[in-house]
Amino acid sequence: VLCSAVIAYDHGIAEERMSLQDCIETALKSQPAIRAARENVRAGQARETQAASPYFPQLTASTGYSESHAPLGGAFGDSTTKSYATSLTLNQTLYDFGKTGNAYDAAKLGTLSTERDAERISQEVVLNVKQSYYALLAAKKLVEVARKTIEQTESHLKQAEAFFRAGSKPRFDVTRAEVEVNNANLGLINAKNGVRIRTIALNNAMGIDPGRSTEIVEALPAVPAVPALEQAQNDALGNRPDMRKMEADIEAARSRVRAEQSNYLPTLSATAAYNWANGTTEMGPFLGTMFKDDVQNSWNAGIMLTLPLF
């Protein structure tokens, strides 16, 4: 009973037929090339966030130990400072003459380029699915033709045998009819192998298991009207994603050039820091006496203009 149920279940799966639209939707969900293109778009969006980061404050922390010796000269002796310090620094870029803005524009255009490349990949996947679908449909029709050919050749063989038994035809006609039947059987085998190969090709185009038994709807969809040559050329130049991707790549390169040129210009930034310190400062000997003092916490704030020289 269990075996019968399994056979019935498998038969039910085999009977499910996929239309061209079903195959396209399956490919858009399962094709690894499309998933990789979508991840490239996500990576581009992350690069946008990275490029915009200089617009926001930069917070850094540091800690360490330092020891310094400074000669005071004469009767004052030397100054020695030993301390442990922990600092928290906040830095904000105020103006960088377009460096961050151009870098951000380049990142956005880079994301646009990956989106258009993903669109191109999707269109290529759809094209491959359509070609594989129609190739499988043609292969199935060739199987039908091969079966019809076998029926005709077998009918011719029966006629040749009947004529031979009646003595109106020579043995050679029977032999020739048998050869035609065998050739027709070989043609059917080749046609069935063609169906298997085309099924594997369609499964690969959809991004599913190549060994899956896929059945398709054996019907041709409506053929759209073919536009005029000039209209087709204009549509191709305006809509092809690879052309639009190149346009985005060119604009992104120009933005990167402007961002690199901004490196020759100064950067205006504001900074603030607070320092937690623990240590001592010794001075002397002054008139035979050593002076000691504790290192205190401190803070500082300011505006800085940085200009690259070389």
Side-chain angles (χ1 to χ4, degrees), residues 20-60 91-133 202-208 221 224-269 306 308:
L20 177 59
Q21 186 60 35
D22 294 334
C23 293
I24 292 174
E25 291 176 357
T26 301
L28 294 177
K29 293 178 182 177
S30 305
Q31 179 56 243
I34 293 181
R35 296 202 301 267
R38 290 171 180 166
E39 293 302 320
N40 285 336
V41 173
R42 292 181 59 187
Q45 294 170 346
R47 286 190 290 269
E48 284 186 41
T49 304
Q50 182 181 15
S53 61
Y55 284 125
F56 302 97
Q58 311 294 315
L59 184 64
T60 59
N91 186 77
Q92 173 65 61
T93 300
L94 301 178
Y95 190 68
D96 58 6
F97 293 90
K99 177 181 179 181
T100 300
N102 288 314
Y104 181 62
D105 290 341
K108 289 197 299 182
L109 290 167
T111 302
L112 180 60
S113 175
T114 59
E115 290 174 350
R116 291 175 176 174
D117 190 53
E119 183 181 353
R120 175 190 62 81
I121 292 174
S122 297
Q123 291 182 0
E124 289 181 352
V125 167
V126 171
L127 175 61
N128 291 335
V129 169
K130 289 182 177 180
Q131 291 176 337
S132 300
Y133 182 91
L202 178 60
N203 290 340
N204 285 334
M206 291 190 294
I208 61 177
V226 178
L229 177 59
E230 184 177 356
Q231 181 64 36
Q233 290 174 341
N234 293 334
D235 291 343
L237 293 176
N239 298 327
R240 281 184 63 93
D242 48 353
M243 298 291 294
R244 297 162 61 203
K245 177 184 182 299
M246 292 178 184
E247 293 173 356
D249 289 339
I250 292 172
E251 292 301 323
R254 289 172 177 169
S255 295
R256 285 193 294 269
V257 168
R258 290 192 293 268
E260 293 299 327
Q261 289 174 342
S262 299
N263 287 327
Y264 292 110
L265 302 176
T267 300
L268 183 65
S269 60
T306 304

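Shortest non-hydrogen contact noted between A232 and P227 is CB-CG, 4.2 Å. Shortest non-hydrogen contact noted between S269 and T93 is CB-CA, 4.0 Å. Between A103 and A259, the shortest heavy-atom distance links the atoms N-CB, 3.8 Å. Residues G101 and Y55 share a closest heavy-atom pair of CA-OH, 3.2 Å. Contact between C23 and L202 at its shortest, heavy atoms only, is SG-CD2, 4.2 Å. Of all the heavy atoms in L109 and A252, the pair that sits closest is CD1-N, 3.4 Å.
Atom CG of residue D242 and atom CD1 of residue I121 lie 11.5 Å apart, to the nearest 0.5 angstrom. Here the CD-CD distance, from Q92 to Q58, works out to 7.5 Å after rounding to the nearest 0.5 Å. Distance NZ/K29 to CD1/I24: 13.0 Å, rounded to 0.5 Å. Separating the CE atom in M206 from the OH atom in Y133 is a distance of 10.5 Å, to the nearest 0.5 Å. Note that the CD1 atom of I208 and the OG atom of S30 stand 7.0 Å from one another [nearest 0.5 Å]. Atoms CZ and CG, from R256 and D105 in turn, are 12.0 Å apart once rounded to the nearest 0.5 Å.
With sequence neighbours excluded, no residue forms a salt bridge (Lys or Arg N to Asp or Glu O under 4.0 Å) with R35. When the side-chain contact (heavy atoms from CB on, under 4.5 Å) test is applied to V41, the partners found at least two apart in sequence or on another chain are Q45, T114, E115, A118.
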*Stepwise side-chain contact (heavy atoms from CB on, under 4.5 Å) test for T60 and N91*: CA-CA 8 Å; T60 59; N91 186 77; over 6 Å; no

_Working for side-chain contact (heavy atoms from CB on, under 4.5 Å), residues Q123 and L127_ = CA-CA 6 Å; Q123 291 182 0; L127 175 61; over 6 Å; no

*asked:* Determine whether E247 and R244 satisfy the following criterion, salt bridge (Lys or Arg N to Asp or Glu O under 4.0 Å), listing intermediate values before the conclusion.
replied: CA-CA 5 Å; E247 293 173 356; R244 297 162 61 203; over 6 Å; no

*Evaluate the salt bridge (Lys or Arg N to Asp or Glu O under 4.0 Å) criterion for residues R116 and E119: first the C-alpha distance (whole Å), next the side-chain angles of each, then the deciding distance (0.1 Å), finally the verdict.*
CA-CA 5 Å; R116 291 175 176 174; E119 183 181 353; over 6 Å; no

*Could you please spell out the steps behind the salt bridge (Lys or Arg N to Asp or Glu O under 4.0 Å) verdict for E124 and R120?*
CA-CA 6 Å; E124 289 181 352; R120 175 190 62 81; 2.9 Å; yes

*Before giving the answer on side-chain contact (heavy atoms from CB on, under 4.5 Å), spell out for T111 and R47 the whole-Å C-alpha distance, their side-chain angles and the decisive distance to 0.1 Å.*
CA-CA 8 Å; T111 302; R47 286 190 290 269; 5.8 Å; no

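The environment of CD in Q131 is crowded: more than 12 heavy-atom neighbours from other residues, nucleotides or ligands sit within 6.0 Å.
Under the 4.5 Å side-chain criterion, counting only non-hydrogen atoms from C-beta, L28 is in contact with V126.
A donor-acceptor contact under 3.5 angstrom links the side chains of E260 and N263, judged on distance only.
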